[in-house]
Visitor: 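Pasting a structure here, questions to come.
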2 protein chains.
Amino acid sequence: MLKGIILNNENYQAGISIDCVIFGFHDNQLKVLLIKTPYENKWSLPGGFVPIHEDIDTAAVTVLNERTGMQGIFLRQFATFGRVKRNDRHFGKAVLDHFKIPEEAGKWFTQRFVTIGYYALVDFLKAVPHKGNTQEIIEWIDHKEVPELILDHKEILDKALHTLRIELNLMPVGYNLLPEKFTIPELQKLYETILDKKLDRRNFLRKITNIGILNKLDEKKSNVAHKAPNLYTFDKEKYEEVLKNGLNQGW
Amino acid sequence: MLKGIILNNENYQAGISIDCVIFGFHDNQLKVLLIKTPYENKWSLPGGFVPIHEDIDTAAVTVLNERTGMQGIFLRQFATFGRVKRNDRHFGKAVLDHFKIPEEAGKWFTQRFVTIGYYALVDFLKAVPHKGNTQEIIEWIDHKEVPELILDHKEILDKALHTLRIELNLMPVGYNLLPEKFTIPELQKLYETILDKKLDRRNFLRKITNIGILNKLDEKKSNVAHKAPNLYTFDKEKYEEVLKNGLNQGW
DNA sequence: TTACATTGCGTCAAAATAACACACATACCC
DNA sequence: GGGTATGTGTGTTATTTTGACGCAATGTAA
C-alpha cells in the first residue's frame with residue numbers, strides 16, 4: 001500500500017490519514033488488530049491514506065476491509081488528531097531509506113499528518129487478519145497487553161476505548177462482536193471486558209433483556225462443565241432501532 | 001484572513017480547515033454565531049485554516065478568539081467532515097474572482113477540504129462578534145431560524161447540536177453559557193432550549209441541585225413581575241470535577 | 001451418586017424519577 | 001389597598017429503576 005502511494009502521491013489527499021482501532025472479542029479478551037511493519041520495531045494501528053476521489057468514511061471502510069476482509073460492519077469516526085509534532089520524526093530516515101524514497105517525494109510524508117480516527121467492532125472469528133505485504137505482521141492483541149505503538153497511536157487507541165465505554169451507555173453493543181448465537185454470560189463478559197469491571201449476573205440479565213433486543217432460542221450451549229446456558233440471538237430490527245434512537249434519555 | 005492565506009498558501013496546511021459552531025444563550029434562545037461574506041449570498045460558520053506550525057486544537061482556539069475575543073472557553077472537537085464533494089463548487093469562480101486569485105493559486109482552494117468541527121459554548125453578553133473585515137457581517141442567530149448555509153455547514157451545525165444534546169447527559173452545561181449569577185429557572189430554560197422540550201420545574205431543581213455544582217446566594221433577582229427567584233453561581237471546582245468524571249455512569 | 005461450578009429466576013430495600021398540590025412573593029390593575 | 005396574574009420555593013406520593021442478595025436447577029466430572 002505504501003508503495004502504491006509513493007508512486008502516486010497525487011492520487012491521495014496530502015496531510016490526511018485514517019487510523020482504525022479494530023476491536024474483536026475472543027477468550028474473554030477485548031482484542032485490537034495491530035500491525036508491525038518490517039522497517040521499524042514498533043506496532044501501529046492499521047491505517048491508510050485518503051484517495052482524492054473518496055469520502056473519508058469510504059477510505060475508512062477500505063482500510064477495515066483490506067485488513068479484515070469484512071464489510072458492512074460497525075465503523076464509527078470518533079476523533080481527529082492533529083498535533084503539530086505528532087508525526088515528527090516518523091516517516092523519517094528509516095522509513096524513507098527503506099523504501100528508497102528520494103528526498104523530494106519524501107516531503108510528502110514528512111509534513112504533519114492530521115489523522116482521522118475510526119473504531120470498528122468486528123466478529124473475531126469472521127475477521128481474518130490480512131497482511132498488506134509479506135513482510136508485515138498483523139495480529140490480534142489483547143488490549144491490556146498492547147506494546148509500544150508508533151506516534152500517538154496509543155493515545156488514539158485509548159481515546160477509542162474511552163469512546164466505546166461511553167457509547168456503551170447510549171447504544172447496545174454485541175451484535176458486531178459476538179457470533180450469531182451467544183449466551184447471556186458471554187454477552188456479560190463482553191460488557192465486563194470493555195468496561196473493565198465486574199457486573200452482577202442477575203442485574204445484568206434483567207437490564208439487558210429489558211432493552212428488548214434479545215431473542216431467546218430453544219437451544220442450549222453444549223460442552224460446558226456446568227448447567228448449560230441458553231442461547232440467544234439479537235433481534236436485528238429492534239437492535240437497529242435502539243442503535244438509532246439511543247438508550248438513556250437522561251433529561 | 002482569507003487574503004493573508006491567499007498571499008501565503010504555504011504557511012497553511014493544505015486541504016484542512018476548521019469550522020466552529022459557537023453557541024450562545026440569550027432571550028431564552030440558543031444562538032449560533034454566523035457569518036455572511038460579501039462575495040456570496042449565504043451564511044456560513046466561522047472557520048479558518050490550520051497554520052503549519054499549529055495544533056488543530058490551537059487553530060480552533062484561534063478561530064474562536066478571532067470571532068468572539070474570548071479565551072479559555074469551552075471548546076470541543078466533535079466530528080470531522082470529508083465528503084469528496086463537500087466543497088465542490090465552492091471557492092469557485094465567484095470567490096476566486098472576487099479576490100482576483102490566479103488560476104494556479106486557486107487550485108489550493110478548489111481541492112477537497114476536510115474540515116474539523118468544533119463547538120463552543122460562550123457567554124452571549126461577553127462575546128462580542130468580531131468582523132474579519134469591514135465587508136463581513138457577523139451575527140448571533142437563533143438556532144431555530146438559521147438561514148441557508150454554504151456547503152455542508154448545516155449538517156455540521158446539526159451534528160454539533162446533536163452532540164451537545166447527548167453530552168448534556170454526560171456533563172453539566174451552563175458555566176460557559178450563562179452569566180456568573182443566574183437563577184434556576186434561567187438554567188432550566190437553557191436546558192429546555194438545548195433539548196427542545198419542557199422539563200418539570202420541581203424535578204429539574206432537585207436533579208440539578210443534587211449534582212452538587214451550585215452555590216445558592218443570599219441574593220435575589222430584582223425587577224421581575226413575580227416572586228423574585230434566588231440567584232446562584234456555579235461551584236467552579238466541583239463543576240470542573242464533574243465535567244471531568246462525567247455524570248451518568250450507566251453500566 | 002455426589003461434588004462442583006454456573007445458570008435461571010426471584011425477592012427486597014434503597015434510590016431515582018415522574019406527576020402533582022400548595023403556599024409565597026412581586027408587579028400590575030382597579 | 002384588595003384582587004389578580006405570573007412565576008417561584010418547597011413538599012408529597014406513587015412508580016420505576018437499581019443494587020445487593022438467596023436459592024433451586026442443571027450439566028459435567030469424580
Side-chain angles (χ1 to χ4, degrees), chain A residues 27-28 168-172 174 178-179 181-193 195-233 242 245-251, chain B residues 27-28 168-172 174 178-179 181-193 195-233 242 245-251:
Chain A
D27 279 343
N28 291 341
L168 216 54
N169 293 317
L170 307 173
M171 67 185 193
L178 294 175
K181 296 177 184 179
F182 57 90
T183 68
I184 298 288
E186 280 165 1
L187 183 56
Q188 182 179 338
K189 291 271 166 45
L190 170 61
Y191 271 72
E192 290 181 338
T193 306
L195 295 169
D196 196 27
K197 77 174 171 198
K198 279 256 150 222
L199 301 175
D200 183 278
R201 228 163 31 85
R202 297 147 282 188
N203 294 336
F204 180 81
L205 172 66
R206 184 183 39 195
K207 215 169 155 181
I208 205 80
T209 49
N210 275 349
I211 300 176
I213 52 172
L214 296 178
N215 286 328
K216 188 172 182 174
L217 301 179
D218 253 352
E219 208 176 331
K220 287 173 193 300
K221 185 145 188 162
S222 50
N223 281 327
V224 280
H226 50 75
K227 176 170 180 177
N230 224 297
L231 285 171
Y232 286 78
T233 57
V242 176
N245 298 333
L247 279 173
N248 280 340
Q249 296 308 343
W251 300 95
Chain B
D27 279 344
N28 291 341
L168 216 53
N169 293 317
L170 307 173
M171 66 185 195
L178 294 176
K181 296 178 185 180
F182 56 91
T183 68
I184 298 288
E186 279 164 3
L187 183 56
Q188 181 179 340
K189 291 269 165 48
L190 171 61
Y191 271 73
E192 290 181 338
T193 306
L195 295 169
D196 196 25
K197 78 175 169 196
K198 278 255 152 223
L199 301 175
D200 184 279
R201 223 163 36 88
R202 297 148 282 191
N203 295 335
F204 179 80
L205 172 66
R206 180 156 29 89
K207 213 170 158 182
I208 205 79
T209 48
N210 275 347
I211 298 175
I213 53 173
L214 294 179
N215 286 327
K216 189 171 182 174
L217 301 179
D218 252 352
E219 209 176 330
K220 289 174 191 299
K221 185 145 185 160
S222 50
N223 281 326
V224 281
H226 49 76
K227 178 171 179 177
N230 226 298
L231 284 170
Y232 286 78
T233 57
V242 176
N245 298 333
L247 279 173
N248 279 341
Q249 296 308 343
W251 300 95

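The sequence lines fix the lettering, A, B, ..., with proteins before strands; numbering per chain opens at 1.
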Visitor: Can you find a heavy atom in the side chain of A:L168 that is under 4.5 Å from one in the side chain of A:Y191?
Guide: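 A side-chain contact exists here, since the closest heavy-atom pair is under 4.5 Å.
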
Visitor: Can you confirm if the NZ or CZ of A:K197 lies within 45° of the ring axis of B:W251 and under 6.0 Å from the centre of its six-membered ring?
Guide: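 Judged by the rule (NZ or CZ under 6.0 Å from the ring centre, within 45° of its axis), A:K197 is not positioned above B:W251.
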
Visitor: Using the side-chain contact (heavy atoms from CB on, under 4.5 Å) definition, which of the options A:E219, A:K220, A:K216 pairs with A:L231?
Guide: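 Going through the options one by one, the only one that passes is A:E219.
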
Visitor: Once you round it to whole Å, what is the distance between P of C:dA18 and NZ of B:K198?
Guide: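 Taking NZ of B:K198 and P of C:dA18, I get 16 Å after rounding.
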
Visitor: Provide, to the nearest angstrom, the distance between the CZ atom belonging to A:F182 and the P atom belonging to C:dT7.
Guide: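 It works out to 15 Å between those atoms.
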
Visitor: Just the rounded figure in Å: distance from C1' of C:dT7 to NE2 of A:H226.
Guide: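 That distance rounds to 8 Å.
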
Visitor: To the nearest Å, how far apart are A:F204 CZ and C:dG8 C1'?
Guide: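 The distance from CZ of A:F204 to C1' of C:dG8 comes to 15 Å, rounded to the nearest Å.
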
Visitor: Anything under 3.5 Å between a protein N or O and an N or O of nucleotides 9-13 of chain D, put it in a table, one pair a line.
Guide:
| from | atom 1 | to | atom 2 | distance (Å) |
| --- | --- | --- | --- | --- |
| D:dG9 | OP1 | B:N230 | N | 2.8 |
| D:dG9 | O4' | B:K227 | NZ | 3.1 |
| D:dG9 | N7 | B:R201 | NH1 | 3.0 |
| D:dG9 | O6 | B:R201 | NH2 | 2.9 |
| D:dT10 | OP1 | B:K216 | NZ | 3.4 |

Visitor: How long is the line joining CG of A:N210 and C1' of C:dG8, in whole Å?
Guide: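 In whole Å, C:dG8 C1' and A:N210 CG are 15 Å from each other.
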
Visitor: What's the NZ-P distance between A:K207 and C:dG10, to the nearest Å?
Guide: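 For the pair A:K207 NZ and C:dG10 P, the rounded distance is 20 Å.
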
Visitor: Rounded to whole angstroms, how far apart are CG on A:N248 and P on C:dA16?
Guide: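 So the CG-P distance, A:N248 to C:dA16, works out to 15 Å.
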
Visitor: Could you tell me whether the side chain of A:N230 reaches within less than 4.5 Å of the side chain of A:D218, counting heavy atoms only?
Guide: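 Sidechains of A:N230 and A:D218: no contact.
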
Visitor: So, A:E192 side chain and A:L199 main chain: donor-acceptor pair closer than 3.5 Å or not?
Guide: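 Between the backbone of A:L199 and the side chain of A:E192 there is a qualifying donor-acceptor contact (under 3.5 Å).
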
Visitor: Between B:W251 and B:T183, who's closer to the 5' end of DNA chain D by nearest nucleotide?
Guide: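 Final value for this comparison: B:T183.
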
Visitor: Nearest whole Å is fine: how far is D:dT8 C1' from B:L187 CG?
Guide: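 Rounding to the nearest Å, CG of B:L187 and C1' of D:dT8 are 15 Å apart.
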
Visitor: Do B:N248 and A:N169 have side chains that approach each other closer than 4.5 Å (heavy atoms only, starting at C-beta)?
Guide: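 Answer no - side chains too far apart.
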
